[in-house]
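Everything on this sheet refers to the single structure shown next.
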Amino acid sequence: MSTQRKLEGKTALITGGNSGIGLATARLFIQEGAKVAITGRDQASLDAAVKELGPNAVAFRADVADPAAREQLVASLRDRFGQLDIVFANAGISGNTPVGSTDQKLFESVLAINVTAVFFTVQSALPLLRDGASIILNGSVIASLGSPGYAAYAASKGAVVSMARSMAAELSPRNIRVNVVVPGPIRTPIWARGRGEEGARALEPFLASMVPLGRMGEAEELAKAVLFLASSDSSFVQGTELFVDGGAVGVPAGWPRNLVK
Ligand code: NDP
């Protein structure tokens, strides 16, 4: 049986690689033979992540929404790796934006990080990308579920999917693939941001009730889907969405709370 690793000799950029889905993906990419650059804003968790990930990881502190930081990042990546095979534009924020009481600044900050910065991450990385590279964007089931209080986040993640299709069309002549991984509720630090660990735990039964498989997903389960899209296993997959959501979008009639006991 072949033991060939799926990303042997590849280089990858993972934005938001110091936490949650990005960190789990960095771990898996390295196990599969890649050299990985992770980014984030929080220096302490970047340092901790690199310590854990070992010598095939490098961290750069960079705010994805800051054009100067993006350019500096690309210069550092060029020095370190020369070229890139994989970009996982994963960094993102949530945000409660109910219609009727939302401040414009908050609304725009969600779009700035989740949409504009994703586009410009790809644009900045483009000169480093080898022909045949793979770009993966991170979407969300919230784009499809009509979740109350999430207009900005839903709009941002819907935009990610639309954007991916345009970029896939433009980059197809170079055999660069652009796809979106679409997570359902995944147990990561995102749920504790702004509500604390206890608040996040209290939310879990509700989140699990939106998933026909009856539970939240784990970051490692997302990472496996990203690995598929990053590797040559998905060589004919272009401009698509891969839902990793336990059925939350595809089979809402199966949500545990919809079933008659
Ligand atoms: P985390 O909060 O654990 O991770 C978010 C990451 O994004 C962190 O590494 C954070 O680093 C980074 N980040 C946020 N803003 C910026 C910025 N301006 N510049 C650079 N890095 C930034 O959450 P997840 O792992 O859950 O989220 C990862 C992605 O998955 C997001 O795009 C999210 O929308 C998406 N997603 C998550 C779901 C879930 O249930 N967990 C469901 C659907 C989608 P730092 O704080 O250091 O800046």
Side-chain angles (χ1 to χ4, degrees), residues 13-28 36-50 53 57 59-70 72-73 87-96 108-118 120-121 124 136-145 147 150 152-161 163-164 180-197 200 203-204 206-208 210-211 215-223 225-226 241-246 248-249:
L13 165 64
I14 301 178
T15 65
N18 52 345
S19 181
I21 293 168
L23 179 56
T25 304
R27 252 181 232 128
L28 185 59
V36 175
I38 59 169
T39 70
R41 294 163 301 181
D42 177 51
Q43 190 64 54
S45 52
L46 284 168
D47 292 345
V50 166
L53 294 168
F60 298 106
R61 186 166 179 274
D63 184 336
V64 285
D66 175 357
R70 282 195 305 263
Q72 179 55 51
L73 170 66
V87 174
F88 181 27
N90 161 73
I93 58 167
S94 185
N96 196 243
E108 288 175 349
S109 71
V110 173
L111 295 182
I113 292 175
N114 292 2
V115 183
T116 310
V118 168
F120 284 102
T121 293
S124 307
I136 303 106
L137 312 184
N138 205 334
S140 170
V141 293
I142 301 288
S144 306
L145 290 179
S147 301
Y150 281 103
Y153 186 73
S156 75
K157 294 301 190 176
V160 161
V161 173
M163 227 166 36
V180 183
V181 67
V182 184
I186 308 297
R187 194 178 291 109
T188 72
I190 206 170
W191 297 104
R193 295 182 195 270
R195 60 169 74 80
E197 297 284 339
L203 205 56
E204 286 196 11
F206 168 72
L207 294 171
M210 295 171 61
V211 177
R215 63 176 176 87
M216 293 182 76
E218 302 297 336
E220 291 70 23
E221 295 178 290
L222 242 293
V226 180
E241 292 167 81
L242 176 51
F243 286 84
V244 185
D245 67 348
V249 168

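All ligand and atom numbering here is 1-based and tracks the order in the structure.
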Just jot down the side-chain hydrogen bond (donor to acceptor under 3.5 Å, both in side chains) partners of Asn96, sequence neighbours excluded, or say none.
-> none
Residue part near ligand 1, for Ile93, under 4.0 Å between non-hydrogen atoms = side chain
For ligand 1, note which part of Arg187 has a heavy atom under 4.0 Å away: side chain, backbone, both or neither.
-> neither
Which of the numbered atoms in ligand 1 are below 4.0 angstrom from a heavy atom of [X]?
X: Ala62; value: 19 (N), 20 (C)
X: Pro185; value: 40 (O)
X: Asp63; value: 17 (C), 18 (N), 19 (N)
X: Gly184; value: 40 (O), 42 (C)
X: Gly139; value: 43 (C), 44 (C)

When you compare ligand 1 with [X], is there at least one nitrogen or oxygen pair between them that comes in under 3.5 angstrom?
X: Val64; result: yes
X: Lys157; result: yes
X: Ile186; result: yes
X: Thr188; result: yes

Which of the listed options, [options], holds the heavy atom that is closest to [atom]?
atom: atom 17 (C) of ligand 1; options: Arg41, Gln43, Arg70, Arg61; answer: Arg41
atom: atom 7 (O) of ligand 1; options: Gly22, Ala91, Ala69; answer: Ala91
atom: atom 32 (O) of ligand 1; options: Thr39, Val160, Asp245, Asn90; answer: Asn90

So, Asn114 side chain and Ile93 main chain: donor-acceptor pair closer than 3.5 Å or not?
-> yes
Counting only N and O atoms by type, is there a donor-acceptor contact under 3.5 Å from the side chain of Thr15 to the main-chain atoms of Ala91?
-> yes
Below 4.0 Å from any atom of ligand 1, is there a heavy atom belonging to Asn138?
-> yes
Can you spot which of Glu221, Arg215, Glu204 makes a side chain to side chain contact (heavy atoms under 4.5 Å, CB included) with Arg187?
-> Glu204
